[in-house]
Amino acid sequence: MQLTLWTYEGPPHVGAMRVATGMRSLHYVLHAPQGDTYADLLFTMIERRGERPPVTYTTFQARDLGGDTAERFKQSVAEAHERFRPQAMIVGASCTAELIQDDPGGLAQALDLPIPVIPLELPAYQRKENWGAAETFYQLVRRLAVRPTGPRAALDGSRRARCNLLGPTALGFRHRDDVQEITRLLDRLGVDVALVAPMGATPADLARLAEADFNVMLYPEVAQTAASWMSRQLGLPCTRTVPIGVGATRDFIREVAALAGLDADQALAAAEQDSRGPWYARSVDSNYLTGKRVFIFGDATHAIAAARIASRELGFEVVGLGSYSREFSRELQDAAKALGLSALICDDYLEVEAAIAAATPELVLGTQMERHVAKRLGLPCAVISAPVHVQDFPARTSPQMGFEGANVLFDTWVQPLMMGLEEHLLGMFRGDFEFHEDAAPSHLGRSQPGTVATPVPAAAAAAAVAPLPSDPITLPIAQTTTQTTTQTTPPAATTWTADAERELGKVPFFVRGKARRNTERYALDHGLGAITVETLYDAKAHFSR
């Protein structure tokens, strides 16, 4: 067991809570000791929900272990049914209560309640939160969905196609906004949404899943297991493309058109009216972003989508790709291999931090943990995936999917780099005689009527024009094995002249480290002991070929 300050995923019963909290008229009875009720805070404080999650805890204490905890659980189930009158109940144990082995499923069945009671077997010490959400949704669908009694009506143009949106849950990253955007997109294509599940659905709604023509899988981490079962048992085909980014949204529309019997070209023409991201990405203002190094880490769905957007749509160079979603390791490895990388599959944020530092990116796309890591490393960062904090549940609509989601992503990813450039320019001109903090506002001129222009303090003026220290900075060079060759022996150390250091200071801060490393590498390869301004520009020309 490893103790840690942060964790990317909670135990599987938290995933079950996300499903139950997203649904309506479903209640979750959780066999848990006092202290395991912390999960309420995730929804009421972070997601800012207006009501408690529909969960009843048995909350036994240490002194109760000598008595009958099983009887306490049965009493909690009966009281929850009497109080909340749900259409269905799910029962299970938290990670701590699992050690008692009270069998919540068997105990609940013995009560013979007049509603479906679905037991959950969630091995807390082998699985985690997303798997728990997927297993809970799968068990609900398997128990409640009604098989069709006859063949499904053909899509012959006499009616609009109908689909189910699968995967959104409570505490999901922008799930509410994604559902709104994809519903609007599908309506523009001529496809109706019959049901959204788990979020917003009731157990009675799940019984009608088979009435749709096909399923749309928005979040594979939650929906893939249930969608695969419905494809086999209910004859419901399912989309596989997650519509995050312009390219993926276009592929998604073609996939939906094929399932709904629509003309794909007409569907694309009707849907792309809101797509502004591609134009922005090609505009002059974004040209300086081309080639920026980006490190990506998050859940598998968002990380893979982000890698595609960064490399194909924004012109970034992906220097790291990883996820904590071990269940999707193969998909991550395939996506990383296409970029010439090896995927980082781990759930240790310290290992992720070390990988980010080693990759020396200029932008980090990750979870709230990577946001803190990037802050420590002085790097710009945008959050693309759960786990997230309260600020990533905005009151405004801010989807990640569809063409409007692509617009949001462009703004979210590019702005940290633009703000970084602004900070660099402020720093560059901070010592300028016109732009120091005591200068009069530049748009009012040198002086105003009735006022005298504030003089530049002597110390500030001297600092602005003072030369850098004449003593060069000495950088040690790694020792190399001595070989008997005709080549020039590399110097023992490489130094920067004052002029070269001053010239390097003019390079934007977010690429300055790369410029320094490339120049020192060039000097080492050419046996130069001192780096001058000429060396700096020779190295730039060499690495720009």
Side-chain angles (χ1 to χ4, degrees), residues 16 18-28 54 81 84-91 113-120 133-170 172 175-176 178-187 189-220 222-240 252 255-256 258-262:
R18 288 175 52 191
V19 172
T21 304
M23 293 184 64
R24 295 177 293 118
S25 198
L26 174 72
H27 201 81
Y28 185 18
H81 174 260
F84 298 105
R85 295 292 177 177
Q87 294 179 9
M89 297 178 71
I90 53 178
V91 296
L113 296 177
I115 60 172
V117 178
I118 297 101
L120 299 177
E135 178 68 11
T136 301
F137 185 44
Y138 163 67
Q139 293 295 343
L140 286 167
V141 169
R142 183 176 178 179
R143 174 71 180 273
L144 300 175
V146 177
R147 288 175 168 79
T149 56
R152 194 169 285 106
L155 292 169
D156 54 5
S158 61
R159 64 178 181 88
R160 286 165 62 102
R162 303 172 74 239
C163 71
N164 301 314
L165 301 187
L166 305 180
T169 67
H175 286 192
R176 175 204 64 183
D178 286 343
V179 168
Q180 293 180 18
E181 176 62 20
I182 296 304
T183 300
R184 188 171 68 92
L185 175 63
L186 291 170
D187 178 65
L189 297 178
V191 177
D192 294 331
V193 174
L195 176 64
V196 179
M199 192 165 68
T202 66
D205 291 332
L206 296 185
R208 298 190 295 270
L209 280 166
E211 295 178 6
D213 297 297
F214 60 93
N215 288 326
V216 169
M217 181 167 55
L218 297 182
Y219 308 102
V222 176
Q224 184 166 280
T225 306
S228 298
W229 182 87
M230 284 187 276
S231 178
R232 297 190 308 269
Q233 301 297 327
L234 305 182
L236 280 175
C238 184
T239 61
R240 296 295 174 182
F252 170 78
E255 194 173 1
V256 168
L259 293 173
L262 303 173

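A quick note: this is a predicted structure, and the numbers were derived from the prediction, not measured.
- When side chains are defined from C-beta on, Leu140 does not count as touching Pro203, because their heavy atoms never get closer than 4.5 Å.
- Using modelled atom types, no side-chain atom of Ser231 and backbone atom of Ala227 make a donor-acceptor pair closer than 3.5 Å.
- Side-chain atoms of Ser25 come within 3.5 Å of backbone N or O of Gln87 as a donor-acceptor pair.
- Using a distance-only test at 3.5 Å, with no hydrogens or angles considered, a donor-acceptor pair links the side chain of Arg24 to the main chain of Gly200.
- Remark: the backbone N or O of Asp192 is not paired with any side-chain donor or acceptor of Arg162 at under 3.5 angstrom.
- Taking 4.5 Å as the limit, some side-chain heavy atom of Pro148 sits within range of a side-chain heavy atom of Leu234.
- Within the structure, every pair that satisfies the side-chain hydrogen bond (donor to acceptor under 3.5 Å, both in side chains) test and touches residues 136-150, not counting sequence neighbours, is listed here: Glu135-Gln139, Tyr138-Arg142, Arg147-Gln233.
- With Arg159 contributing its side chain and Ala153 its backbone, the two residues share a donor-acceptor pair below 3.5 Å.
- To the nearest 0.5 angstrom, Leu218 atom CG is 5.0 Å from Leu165 atom CG.
- With hydrogens and angles ignored, the 3.5 Å screen pairs a side-chain donor or acceptor of Asn164 with a backbone N or O of Leu209.
- A distance of 8.0 Å separates OG1 in Thr183 from CD in Gln180, rounded to the nearest 0.5 Å.
- With contacts defined as side-chain heavy-atom distances shorter than 4.5 Å, the pair Pro168/Val196 qualifies.
- Taking 4.5 Å as the limit, every side-chain heavy atom of Val19 sits out of range of all side-chain heavy atoms of Ile90.
- Side chain of Arg152 to main chain of Gly235: a donor-acceptor pair is present (N/O by atom type, distance under 3.5 Å, no hydrogens or angles).
- Put simply, the side chain of His175 gets close to the backbone of Thr169: a donor and an acceptor are under 3.5 Å apart.
- Side-chain contact between Val91 and Val117 is present, with heavy atoms from C-beta onward closer than 4.5 Å.
- Side-chain contact check for Thr21 versus Tyr28: every heavy-atom pair is 4.5 Å or farther apart.
- Note that CG of Asp178 is 8.5 Å distant from CE of Met199, once rounded to the nearest 0.5 Å.
- Judged by distance alone, the side chain of Asp205 and the main-chain N or O of Thr202 form a donor-acceptor pair under 3.5 Å.
- Taking 4.5 Å as the limit, every side-chain heavy atom of Val191 sits out of range of all side-chain heavy atoms of Arg160.
- The shortest distance between side-chain heavy atoms of Val256 and Leu186 falls below 4.5 Å.
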Exercise for the section: Would you sort out whether Phe137 and Thr225 count as a side-chain contact (heavy atoms from CB on, under 4.5 Å), showing the intermediate values? Expected result: CA-CA 8 Å; Phe137 185 44; Thr225 306; over 6 Å; no

